[in-house]
Amino acid sequence: MTTTNPRLPVTKAVVPAAGLGTRFLPATKATPKEMLPVVDKPAIQYVVEEAAAAGLSDILMVTGRNKRALEDHFDRAYELEELLSRKGDVDKLRRVRESVSLANMHYVRQGDPKGLGHAVLVAEQHVAGQPFAVLLGDDLIDPRDPLLSRMIEVQQELGGSVVALMEVDPAQIHLYGCAAVEANGFGPDVFHITDLVEKPERADAPSNYAVIGRYVLDPAVFEVLKKTEPGRGGEIQLTDALRTLATLSLAEGGQVHGVLFEGRRYDTGDRADYLRSIVRLASEREDLGPDFRSWLREFVSSEMQD
Ligand code: UTP
């Protein structure tokens with residue numbers, strides 16, 4: 001399929017990381033949940049690496065109170081670097097510096113965390129009139145299963161906005177935004193979205209396609225967000241704004257498409273999924289994996305005997 005109108009390119013990513021992380025209290029009382037380590041890297045670094053790998057070198061992180069560690073993590077650490085270089089510890093020095101050169105990082109504060117839609121709205125000035133990607137700071141997509149580049153490709157071909165969809169057990173759909181979809185002929189993994197509902201009861205869910213934490217949004221979303229009333233949980237929901245966009249024409253900046261993701265995803269904002277992510281990623285590591293896997297085997301077999 002070819003486009004008739006050349007579209008503005010997607011070059012910027014917004015990473016909302018201003019949420020309170022209440023599911024992880026007390027760990028998140030003074031530390032952002034996005035800084036919790038997944039093996040030995042904070043969750044947020046995986047997210048920034050993913051944006052950079054998709055060619056988005058301009059990243060705006062939406063932060064808030066108690067989130068200074070996020071900025072420090074993507075900045076130089078002179079004392080530490082000096083110490084490591086005096087010791088000649090090249091490997092650790094490389095790991096400390098890795099996060100600094102990934103992308104051009106920018107920061108904006110959300111003030112009151114009034115919801116994901118509100119977090120996106122504070123990015124308006126930075127994003128200025130171009131389609132942009134949104135990557136949630138606690139949602140990890142395995143780099144072996146790239147998703148964002150496919151979403152950007154779909155946005156550039158079809159226009160409008162694009163969300164990522166994952167099939168979930170119907171019993172779990174109440175935990176997610178849920179999409180009503182129809183085929184659009186663009187490919188087996190791409191749908192036209194006709195409606196969206198935030199965290200529906202199982203009986204009211206239009207499908208078992210859950211919206212996960214990657215979006216490519218048309219800038220028309222900002223005008224819609226400004227008019228979006230607080231929804232579920234008293235928060236300004238991005239899902240509600242997307243629902244409005246789905247009803248608008250392409251010329252108005254509307255239309256929403258979904259890209260089906262069937263790869264590995266880790267929701268590090270959820271405690272059980274966070275633990276699973278660490279076990280899985282540690283098992284796969286060349287340095288830690290062999291010992292960790294044999295310990296895990298013994299642990300599981302001793303648990304089975306109890
Ligand atoms: P979540 O709903 O998972 O984050 O938002 P939360 O509110 O911090 O989590 P809990 O339920 O209290 O544990 C998904 C992403 O959106 C960001 C969060 O930081 C997270 O990365 N977010 C959420 C904001 O930036 N601002 C908000 O007002 C809400």
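Ligands are counted one by one from 1 in listed order, and the atoms in each one are counted from 1 as well.
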Exercise. Less than 4.0 Å between a side-chain N and a carboxylate O, is that true for Arg150 and Glu153?
Worked result: yes
Exercise. Does a salt bridge link Glu284 with Arg280, judged by any charged N lying under 4.0 Å from a carboxylate O?
Worked result: no
Exercise. Below 4.0 angstrom, N of the basic side chain to O of the carboxylate: do Arg285 and Asp40 qualify?
Worked result: yes
Exercise. Linking Ile, Leu, Val, Met, Phe, Trp and Tyr through side-chain heavy atoms less than 4.5 Å apart, which residues share a cluster with Leu84?
Worked result: Leu80, Leu93, Val96
For this session: Indicate whether the side chain of Asp273 and that of Tyr266 have a donor and an acceptor atom separated by less than 3.5 Å.
Result: no
For this session: Would you please write out the protein residues whose heavy atoms approach any atom of ligand 1 to under 4.0 angstrom, listed by chain and number?
Result: Pro16, Ala17, Ala18, Gly19, Leu20, Gly21, Thr22, Arg23, Lys33, Glu34, Gln110, Pro113, Lys114, Gly115, Leu116, Ala119, Leu136, Gly137, Asp138
Problem set entry | Ionic contact status for Glu50 with Arg214, cut-off 4.0 Å | yes
